[in-house]
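One structure is given below, encoded as structure tokens.
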Amino acid sequence: MDKYLVVLLGPTGVGKTDLSIFLAEHFNTSIVSSDSRQIYKEMNIGTAVPEKEYLERVKHYFIGSLSVKDYYNSWKFEQEAINRISQLHHSSDVVLLVGGSMMYIDAICNGIDDIPTIDKDLRDDLQKKYEEEGLDSIRMLLKKLDPVFYAQVDLKNGKRVLHAVEVCLMAGKPYSELRTKNQKERDFKIIKVGLNRNREELYDRINQRVDIMIEDGLIEEAQKLHDLKHLNSLNTVGYKELFGHFDGEYDMEEAVRLIKRNSRRYAKRQLSWFNRDKDIMWFNPDDKEEILKAIKAKMQ
RNA sequence: GGUGCCAUAGCUCAGUUGGUAGAGCAAUGGACUGAAAAUCCAUGUGUCCCUGGUUCGAUUCCAGGUGGCACCA
């Protein structure tokens, strides 16, 4: 009997959660979350974690399982989620992967190349060099360490250049040699269901959801995390804009405006990424029965 | 009803001494392999309210109309 992973993806605010409960109950299965921010237990309101009732009705994994202080990345997620999925496949033929974090989804569906974990000291040293000597000096390093990747990389993107240098130094060989781009074999079949709405409707939903988050106490939630704002986990839409307000950079109205705008832009970036993937079947989240039918057809 | 002011991008507005126009905000498209809700790149989208007039040429000047605002009745 074939095992299936049904991947439910789409931009933020499109309505993945409601549909995921419907599908999970229909297939009598669990949900593995592929959301890089809902995984942190201190960030519930701002990341629109499914409401308590849903979490009780359907077993969810990778929601609220980490602290914002924990270091995490998509490679770790790949290891842990793949393990979890195969364990769940013992008792269920269908498992749901639900979330909008593009690279987390990719890590499960395609796999990520094996490269060494970067030493914290090395990361800090390079970061310091970047800040003191500028991007150009990091670029020169990369040119020397890995001319092949240097020719491919977006040289204006500091993070990319920096990371490539880190990997070269850590691995002792060029990053480009480690980038196989090989698709990993999985022992389950993948069915990708993409959710989208017309742009105006999607943006309305995003805007409204931000207002609801504020009513639900997002400001208080962010206040508690203010001291930790330097953490990567808190470099997140909904929190960083409030930190800016707490630090006196602008008023609350402006903070809310920025949260809405940045959420919309995030949704746009997600769509850009997903649109490349020709395996995705696209639907409006309201068409539940149609979606179910399409999934079942794929399982024939 | 009268007088005055205004009408230009999705919004707020600038501008053209007459040669079809540009800022901010918003928006759009894209990249992406161990920070990814991150990070980076690119893009001005327009009956310049309508109809006539003057002019080689009108978004710009003139007249009328329409709509909005203010004041006076």
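The shown structure was predicted, so the numbers you read here are calculated from the model rather than taken from an experiment. Just so we're on the same page: letters track the sequence lines, and every chain starts at 1.
In this structure, CG of A:N275 is placed 9 Å from P of B:G29, rounded to the nearest angstrom. The separation between A:Q270 atom CD and B:U39 atom P is 15 Å, rounded to whole Å. Remark: C1' of B:A35 and CG of A:D124 are 13 Å apart, rounded to the nearest angstrom. Here B:G10 presents its C1' atom at 11 Å from CD of A:E200, a figure rounded to the nearest Å. Atom CD1 of A:I108 and atom P of B:G34 are 15 Å apart (whole Å).
Across all non-hydrogen atoms, the minimal contact from A:R84 to A:V32 is CG-CG2, 4.2 Å.
Contact annotation: A:R257 reaches the phosphate of B:A26 (side-chain N/O to OP1 or OP2, under 4.0 Å). Distances shorter than 4.0 Å separate none of the side-chain N or O atoms of A:K268 from OP1 or OP2 on B:A27. In terms of phosphate contacts, A:N235 brings a side-chain nitrogen or oxygen within less than 4.0 Å of OP1 or OP2 of B:U39. At least one side-chain nitrogen or oxygen of A:R199 sits closer than 4.0 Å to the OP1 or OP2 atom of B:G29. Of the side-chain N and O atoms in A:Y203, one or more sit less than 4.0 angstrom from OP1 or OP2 of B:U28. For B:C40, the OP1/OP2 oxygens have no side-chain nitrogen or oxygen of A:R269 closer than 4.0 Å. Within the 4.0 Å cut-off from OP1 or OP2 of B:G34, not a single side-chain nitrogen or oxygen of A:Y72 is found. Residue A:S272 has a polar side-chain atom (N or O) positioned under 4.0 Å from OP1 or OP2 of B:G30. The shortest distance between the side-chain N/O atoms of A:R265 and the OP1/OP2 oxygens of B:A26 is below 4.0 Å. The phosphate of B:C40 (OP1 or OP2) has no side-chain N or O of A:R160 nearer than 4.0 angstrom. Dashed line: the shortest gap from a side-chain N or O of A:N232 to OP1 or OP2 of B:U39 is not under 4.0 Å.
Separating the P atom of B:A9 from that of B:U60 is a span of 15 Å, rounded to the nearest Å. Of the C1' atoms belonging to B:G67 and B:C50, the separation is 11 Å, rounded to the nearest Å. Comparing B:G30 with B:C61, their P atoms are spaced 42 Å from each other, to the whole Å. Taking atom C1' on both B:C13 and B:G18, the two are 23 Å apart, rounded to the nearest angstrom. Spacing between B:U59 and B:A7 at atom C1', rounded to whole Å, works out to 12 Å. When the P atom is compared between B:U54 and B:G22, the two are found 30 Å apart, to the nearest whole Å. Comparing the P positions of B:G24 and B:C48 gives a spacing of 22 Å, expressed to the nearest Å. Taking atom C1' in both B:A31 and B:G19, the straight-line distance is 41 Å, to the nearest Å.
Relative to the side chain of A:K156, the nucleotides B:G29, B:C40, B:G30 differ in distance, and B:C40 lies closest. Side chain of A:R261, nearest nucleotide from B:A35, B:C25, B:C41: B:C25. In this structure, the nucleotide among B:G34, B:A31, B:A27 sitting nearest to the side chain of A:R264 is B:A27. Proximity note for A:Q127 (side chain, C-beta onward) versus B:C40, B:A35, B:A26: the nearest is B:A35. Distances from the side chain of A:I115 to the nucleotides B:C25, B:A35, B:G34 place B:G34 closest.
Nucleotide B:G1 is matched to B:C72 when pairs are restricted to Watson-Crick or G-U wobble geometry with both distances under 3.5 angstrom. A 3.5 Å limit on both hydrogen-bonding distances identifies B:G22 as the Watson-Crick or G-U partner of B:C13. Partner assigned to B:G67 is B:C6, using Watson-Crick or G-U wobble distances below 3.5 angstrom. Under the Watson-Crick or G-U wobble criterion, with both distances below 3.5 Å, B:U55 is left unpaired in every strand shown. Look at B:A42: its Watson-Crick or wobble partner, with both distances under 3.5 angstrom, is B:U28. Pairing for B:U33 is absent, judged as Watson-Crick or G-U wobble with the two contacts each under 3.5 Å.
Linking ILVMFWY side-chain heavy atoms closer than 4.5 Å, directly or via other members, places A:L178 and A:M103 in two distinct hydrophobic clusters.
Checked for salt-bridge contact, A:K260 and A:E254 miss the test: no charged N lies under 4.0 Å from a carboxylate O.
Taking the six-membered ring where the residue is Trp, A:H226 and A:F243 present parallel rings, their angle staying beneath 30° rather than reaching 60°.
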task = May I have the step-by-step check of salt bridge (Lys or Arg N to Asp or Glu O under 4.0 Å) for A:K120 and A:D124, ending in yes or no?
result = CA-CA 6 Å; A:K120 190 169 183 309; A:D124 292 346; 3.0 Å; yes
ask   = Passes side chain to side chain contact (heavy atoms under 4.5 Å, CB included), A:F77 versus A:S34? Steps please.
value = CA-CA 9 Å; A:F77 179 72; A:S34 49; 4.1 Å; yes
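Comparing A:W75 and A:G158 by the nucleotide of RNA chain B that holds the closest heavy atom to each, the one mapping nearer the 5' end is A:W75. When the nearest nucleotides of RNA chain B are assigned to A:R209 and A:T117 by heavy-atom distance, the more 5′-ward of the two goes with A:T117.
Cation-pi geometry between A:K59 and A:Y61 is met: under 6.0 angstrom from the ring centre, within 45 degrees of the axis.
Looking at A:Q270, A:R37, A:R209 one by one, the single match for side-chain hydrogen bond (donor to acceptor under 3.5 Å, both in side chains) with A:T12 turns out to be A:R209.
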